[in-house]
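Input: a single structure, listed below in structure tokens.
Computed from heavy atoms alone, side chains included, the values below leave out hydrogens, waters and symmetry copies. Chain identifiers are assigned alphabetically (A, B, ...) following the order of the sequence lines, protein sequences preceding nucleic acid strands; residue numbering begins at 1 within each chain. From a predicted model like this one, the values you see are computed outputs, not experimental measurements.
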Amino acid sequence: MLLRMSTLFLRTLREDPVDAELPSHKLLVRAGYVRRVGPGLYSWLPLGMLAVRNVERVVREEMLAIGAQEVQFPALVPREVFERSRRWQDYGDALFRLRDRRDADYLLAPTHEELFTLLVKGEYTSYRDLPVSLFQIQTKYRDEARPRAGVLRGREFVMKDSYSFDVDDAGLERSYRAHRDAYERIFRRLGFDYRIVSAVSGAMGGSASEELIAPTPSGEDTFVQCENCDYAANAEAVVIAPPQARGGVVDGGGMGGGTGGAGSGGLPGPQQVLDTPDTPTIATLVERLNTMDLGRSFAAADTLKNLVVKTRAPGAGEWELLVIGVPGDRDVDMKRVAGQLEPTEVAPAGPEDLASQPGLVKGYIGPQRLAELGIRFVVDPLVTEGSAWVTGANEPDRHALDVVRGRDFVPDGELGAVEVRDGDRCARCGGMLQISRGIELGHVFQLGRKYAEVFDLRVTGPDGRPVTVTMGSYGVGITRAVAALAEQTHDELGLRWPREISPADVHLVATGKGEEPYTAGEQLAGELLGAGLRVLYDDRRGTSPGVKFGDSELLGVPLIVTVGRGLAKGVVEVRDRWSDERVEVPLAGAAGEIARLSAAQR
RNA sequence: CGGGGAGUGGCGCAGCGGUAGCGCACCUGCUUUGGGAGCAGGAGGUCGGGGGUUCGAAUCCCCCUUCCCCGACCA
């Protein structure tokens, strides 16, 4: 492949686009890889297209290598298909819906579980046909509430999605493993720094759902890693170790700071109700407590905050109230809560929900009488058995002190609800958890029988009886990978591609007076081509050297070869865009040497 | 959905009552050729849309609309 800059459809920009915030976004636009068309919509220009095709190629090769077979579904799907899986309703506003001339409803698919399931159902009927894995590389649509970060989170994007079909759990496990391994090979080949994090809560070390994340400060996914062991999880799926008993019980201390509770050993005295006027928030409460001359000081961590939410089980018509108790210095992570309660829906309780239950006094809710009110109550595991708290007294302007779990209230259960913090403890080994940000590159997921049941995908088993198929679902963001890689690998000069994704192996720059650089460049370009390299050749006349060098840095091809000044000595200069190392190579035989250097790059 | 901001040549911006300008990019000529060249000449805009005020509106007023950023949201 030989691309000539003189004819390449490319215009680089000297200035950053105003709407871009992230380096990857700025650079992909400046380097002429993409152009914005509308909110969350981008055109891919020739260089960008080459990068996208390269990601596709790597993904396709690795999918085929595990025996997955490629198919292609329409992006435009009739409503009925998504009605059956309920996603026409459940997917919400993020689903692009449209109507044809006959007023029939259609959608632009965000993923294709339904069609994959239906396809297999239509063709296969026996357990002997399984397992099978199918994939497609296709444009997906999501009407994001707020597209951002350029191509990283658009409303239209290219994604590889695949699905595995097995007769039993052991088979699913194997298919899952194969995909997970393939994903590791894909991201390694593409040159990513990536982490695999658990995306499922509860099941410690469970592998039912994992995300492959590219760590980068600007990423919009939050995940935690243990400093000590290899535990890593999405922030919404994290499991935090409960502290040693805190507050009054075992022996004072514990974690969570403050000197609250009973201090030294033994249960605190019976709970007492205090007048605490105008203290509807944790901050105001703590301030008030510390001026009350109670013989101890209090911190937010000594208070028990009770948040009211409402839940609705699938199919149930009515919302039910649920109170969640967490230490007062902690925020509740609603996504984490929702993840654990799924498929039951969760929503914050509004004023009208509270009004329906007069026993709940806003700002002064305590768990002491929730049971008698018939309201369900769960606590975060940080609220350990035997711990003592300051909490609401269920009366306006009053709080209760030394309220002990197990003595003064008994929750209906525990629910990890708290937002993770740096320094929280790993539930596996007790090590410190560290929070990082990253971009989700891929997701492997044991879907199970959800769609197989909805679409009645069954095959005849060995005993002649029908068996419901179990599925895995696996995705890789193709266009997102290009941007994520740019985000991870760029430097102050511009893009910097690993070889597998780069639009070319070598960026050949001809510069200098007269014809010599161009005749030599032309010949070298041909030789490089002959050596099997993909060449981007800057053959522009009348473009000053500074512009050419600047472009070569911006475009990000990993090896830059300059034909110019060195010709007097019979050499060309070869520069590694990654290390910035420069070597002079004799023009005679340069192609072979350059091919060798290129092959040595990552 | 909440908060902030912006719509003026391809891109980035200035102008804020007197009929549109700058930088980059582009075109022509000459010079220049190892770090975003110089000189000279040139092309390109119904100033987001509609209505109003005014002798006169990019500029003031009203309505509409689109877009961007932060947050909420995001299988």
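- Summary of the strand contacts: A:A20 and A:P17 both lie near RNA chain B, and taking for each the nucleotide with the nearest heavy atom, the more 5' one is attributed to A:P17.
- For A:D16 and B:G12, a side-chain-to-base donor-acceptor distance below 3.5 Å is absent, hydrogens and geometry of angles not being considered.
- Distances shown here put a side-chain N or O of A:R36 below 4.0 Å from the OP1 or OP2 atom of B:C68.
- Of the candidate nucleotides B:G35, B:C68, B:G12, B:G12 has the atom lying nearest to any side-chain atom of A:E15.
- For the C1' atoms, the distance from B:G23 to B:C61 is 34 Å, rounded to whole Å.
- Going from the C1' atom of B:A14 to that of B:G51 covers 28 Å, rounded to whole Å.
- The side chain of A:R153 approaches B:C74 more closely than any other nucleotide in the set B:G34, B:G36, B:C74.
- A gap of 16 Å separates the P atoms of B:G3 and B:A72, to the nearest Å.
- Scanning atom types as modelled, no donor and acceptor separated by under 3.5 angstrom connect the side chain of A:E553 and the base of B:G36.
- Spacing between atom CD of A:E144 and atom P of B:A75 amounts to 9 Å, rounded to whole angstrom units.
- Checking B:G34, B:C68, B:A37 against every side-chain atom of A:S544, the shortest atom distance belongs to B:A37.
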Subject >> Pairing pattern in dot-bracket form [Watson-Crick, G-U; both distances under 3.5 Å; | = partner strand] for RNA chain B >> reply: ((((((((.[[[[.)..(..]]]].((((((.....)))))).....[[[[[..)....]]]]])))))))....
**OP:** Walk me through it: do A:T562 and A:E573 pass the test side chain to side chain donor-acceptor pair (under 3.5 Å)?
**Re:** CA-CA 5 Å; A:T562 306; A:E573 290 137 61; 5.1 Å; no
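- Between A:K26 atom NZ and B:C11 atom P the separation is 19 Å, expressed in whole Å.
- Going from the C1' atom of B:U32 to that of B:C39 covers 11 Å, rounded to whole Å.
- Using a 4.0 Å heavy-atom criterion, one finds that A:R541 contacts no nucleic acid atom at all.
- Distance CZ (A:R577) to P (B:G35): 18 Å, rounded to an integer number of Å.
- Between the CZ atom of A:R480 and the P atom of B:C74 there is a distance of 14 Å, rounded to whole Å.
- Backbone-only engagement by A:R11 is indicated by non-hydrogen atom pairs under 4.0 Å involving sugar-phosphate atoms exclusively.
- Using a 4.0 Å heavy-atom criterion, one finds that A:E113 contacts no nucleic acid atom at all.
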Original post:
Checking ring pair (Phe, Tyr, Trp, His ring centres under 6.0 Å) for the pair A:F116/A:F73: CA distance, chi angles, key distance, verdict?
Top reply: CA-CA 8 Å; A:F116 275 97; A:F73 292 107; 4.7 Å; yes
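- With no hydrogens or angles considered, a side-chain donor-acceptor pair links A:S164 and A:Y474 at under 3.5 Å.
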Subject >> Base versus backbone protein contacts along nucleotides 3-10 of chain B [heavy-atom cut-off under 4.0 Å; B, S, -] >> reply: --------
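- The same atom, C1', is picked in B:G17 and in B:C73; the two are 45 Å apart, to the nearest Å.
- Here A:R575 lies in heavy-atom contact (under 4.0 Å) with a base.
- Side-chain contact check for A:R540 and A:S6: no donor-acceptor pair (N or O, by modelled atom type) lies under 3.5 Å.
- Taking atom CG of residue A:D538 and atom P of nucleotide B:G36, one finds them 16 Å apart after rounding to whole Å.
- Closest to the side chain of A:T111, out of B:A75, B:C70, B:G34, is B:A75.
- Comparing B:A75, B:A37, B:C74 by their closest approach to the side chain of A:V547 singles out B:A37.
- A salt bridge links A:E553 to A:R575: at least one charged side-chain nitrogen sits closer than 4.0 Å to a carboxylate oxygen.
- The two residues A:F187 and A:Y194 come nearest to each other via the heavy atoms CB-CD2, 3.8 Å.
- The side chain of A:R146 contributes an N or O atom lying less than 4.0 Å from OP1 or OP2 of B:C70.
- Separating the P atom of B:G34 from that of B:C70 is a span of 43 Å, rounded to the nearest Å.
- Note on A:S473: nothing from the nucleic acid sits closer than 4.0 angstrom, heavy atoms only.
- Counting only N and O atoms by type, the side chains of A:S162 and A:H179 include a donor and acceptor under 3.5 Å apart.
- Nucleic acid contact class of A:G566 (heavy atoms, under 4.0 Å, all strands): base.
- Taking atom CG of residue A:N234 and atom C1' of nucleotide B:A75, one finds them 13 Å apart after rounding to whole Å.
- The listed nucleotides are B:C67, B:C70, B:G34; the one nearest the side chain of A:T511 is B:G34.
- A:F96 has its CZ atom 17 Å from the P atom of B:C74, to the nearest Å.
- Under 4.0 Å is where a charged nitrogen must lie from a carboxylate oxygen, and between A:E173 and A:R177 no such pair does.
- On the P atoms, B:C62 is 40 Å away from B:A43, given to the nearest whole Å.
- Screening residues 441-453 of chain A for salt bridge (Lys or Arg N to Asp or Glu O under 4.0 Å), with sequence neighbours left out, gives A:D169-A:R449.
- B:G34 atom C1' lies 15 Å from atom CG of A:D551, rounded to whole Å.
- The residue A:V18 sits close only to the backbone: its heavy atoms come under 4.0 Å of sugar-phosphate atoms, none of a base.
- Taking atom C1' in both B:G4 and B:C11, one finds a spacing of 25 Å when rounded to whole Å.
- Annotation: side chain of A:L8 is in contact with side chain of A:P46 (closest heavy-atom distance under 4.5 Å).
- Relative to the ring axis of A:F96, A:R155 does not place its NZ or CZ within 45° and under 6.0 Å from the centre.
- One finds no salt bridge joining A:R174 and A:D166 here, because no Lys/Arg side-chain nitrogen approaches an Asp/Glu carboxylate oxygen to under 4.0 Å.
- For the pair A:R14 and B:A25, the criterion of a side-chain N or O lying under 4.0 Å from OP1 or OP2 is met.
- For the pair A:T12 and A:P110, nearest-nucleotide mapping onto RNA chain B gives the more 5' position to A:T12.
- Here the side chain of A:M159 is nearest to one of B:C74, B:A37, B:A75, namely B:A75.
- A salt bridge links A:E70 and A:R60; the closest N-O separation between the charged side-chain nitrogens and carboxylate oxygens is under 4.0 Å.
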